[in-house]
Amino acid sequence: MAFTLYSLIQAAILCVNAVAVLHEERFLSKIGWGVDQSVGGFGDEPGIKVQLMNLIRSVRTVMRVPLIAVNSVCIVLLLLFG
Amino acid sequence: EDFDNHSYNNFNNGHGNIFGVPEARAAPPTADSVLFEDTSSAAPAMNNQAYYTPGYNMGPPTNDMQGGTGVDNLFADPMANAAMMYGSSLANQGKDIVNKEISRYVSVNKLKYFFAVDTRYVLKKLMILMFPYTHQDWEVRYHRDTPLTPRQDVNAPDLYIPTMAFITYILLAGIALGIQKRFSPEVLGLCASTALVWVIIEVLVMLLSLYLLTVHSDLSTFDLIAYSGYKYVGMIFTVLCGLLFGSDGYFVALAWSSCALMFFIVRSLKIKILTSLSSDSMGTGSSAKPQLRLYITMATAIFQPIIIYWLTSHLIR
């Protein structure tokens, strides 16, 4: 399996896109992963599920706008250069 | 940060003596002077100076031997002089700008800590990487809350060995492919980027798992890069044995370096991960899930032989 740095960047963009697409009300609350269900455990350590939900929410918040730019650039490059 | 810049500017004041005795652990000096002093024995230092002075001595005499005309040519043309000085000032400005930009993303102080090594440390660390079973004390020593540099503490992770080992591995891969007449420059680049990508993936997975389990250890990103780069030493050893002794030597060396590397990783990371404070501030000791931390350490250790085999088997057919 020969990786190039370009394939790593592609994989990273795809993963971040996948995380950013998870909708808060339509999907995550339905399966019990919404942010309103993560408040709880003060003092005790948060646990894996809470950490994961926080991670998803923060990735969505931070990467929404840069992802628009990165995706547009990717689309243009792939259209031009295949 | 301002404090750090000031201490950098003062590093060569009042520290004229070479920091000598390697075994002195009583009172290490401040981090700045240790980072920049040469702790190898006095003889190599004097050899270095002896190498440098002939260069300086040969410079002016040759200029003089060209006679007055050479010197006149150099200084008689004010335009060339002015251009040279303008160019050097431009270069200095460019250097300052690059330094400023780089220090915004990567903390240069932290990076310099990882490259503050000397030959004694490198030799001992390589020995420990290949034969860690007799090493007794795996704790990283601290000095007033800052970890000691690799020069003073053989357990401290460094980035010099992984970088050099990575480059040596790429060169060895080129040699191995050339012996089998499968060499071309693109393959070399492909090998390099594959190895680099695997290191990046491993560091990202480690960071993610440490974050998810709220392990508040003092493992920074550079520490993880260092620990994950130590496997290149095992890879070099394996590929060398495979080239010299054929397929049997390859598997024997693979088994040996896998066991040594697994032992090294488990012992080094066990101290840092398993005994770190959990996010529970009430101080009830280690976290409620110590077995998950053990799983992380075990998974990291088991990943090493897999990746060594994956990245080196195609070089030994």
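Remember, predicted model here, so these are calculated numbers, not experimental data. Quick note on labels: first sequence line is chain A, next is B, and so on, each numbered from 1.
- Using a 4.5 Å cut-off between heavy atoms, B:L204 makes no contact with chain A at all.
- In the displayed structure, B:F183 atom CZ is contacted under 6.0 Å by more than 12 heavy atoms of other residues, nucleotides or ligands.
- Under a cut-off of 6.0 angstrom, the local environment of CZ in B:F115 is crowded, with over 12 non-hydrogen atoms contributed by other residues, nucleotides or ligands.
- Looking at B:L311, there are no atoms closer than 4.5 Å to chain A (heavy atoms on both sides), in backbone or side chain.
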Could you go through the side-chain contact (heavy atoms from CB on, under 4.5 Å) check for B:L196 and A:L8 one step at a time? CA-CA 10 Å; B:L196 196 63; A:L8 182 69; over 6 Å; no

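- Residues B:V197 and A:L5 have side chains in contact (heavy-atom distance under 4.5 Å, counting atoms from C-beta outward).
- Atom OH of B:Y309 is surrounded by 12 or fewer heavy atoms from other residues, nucleotides or ligands within 6.0 Å.
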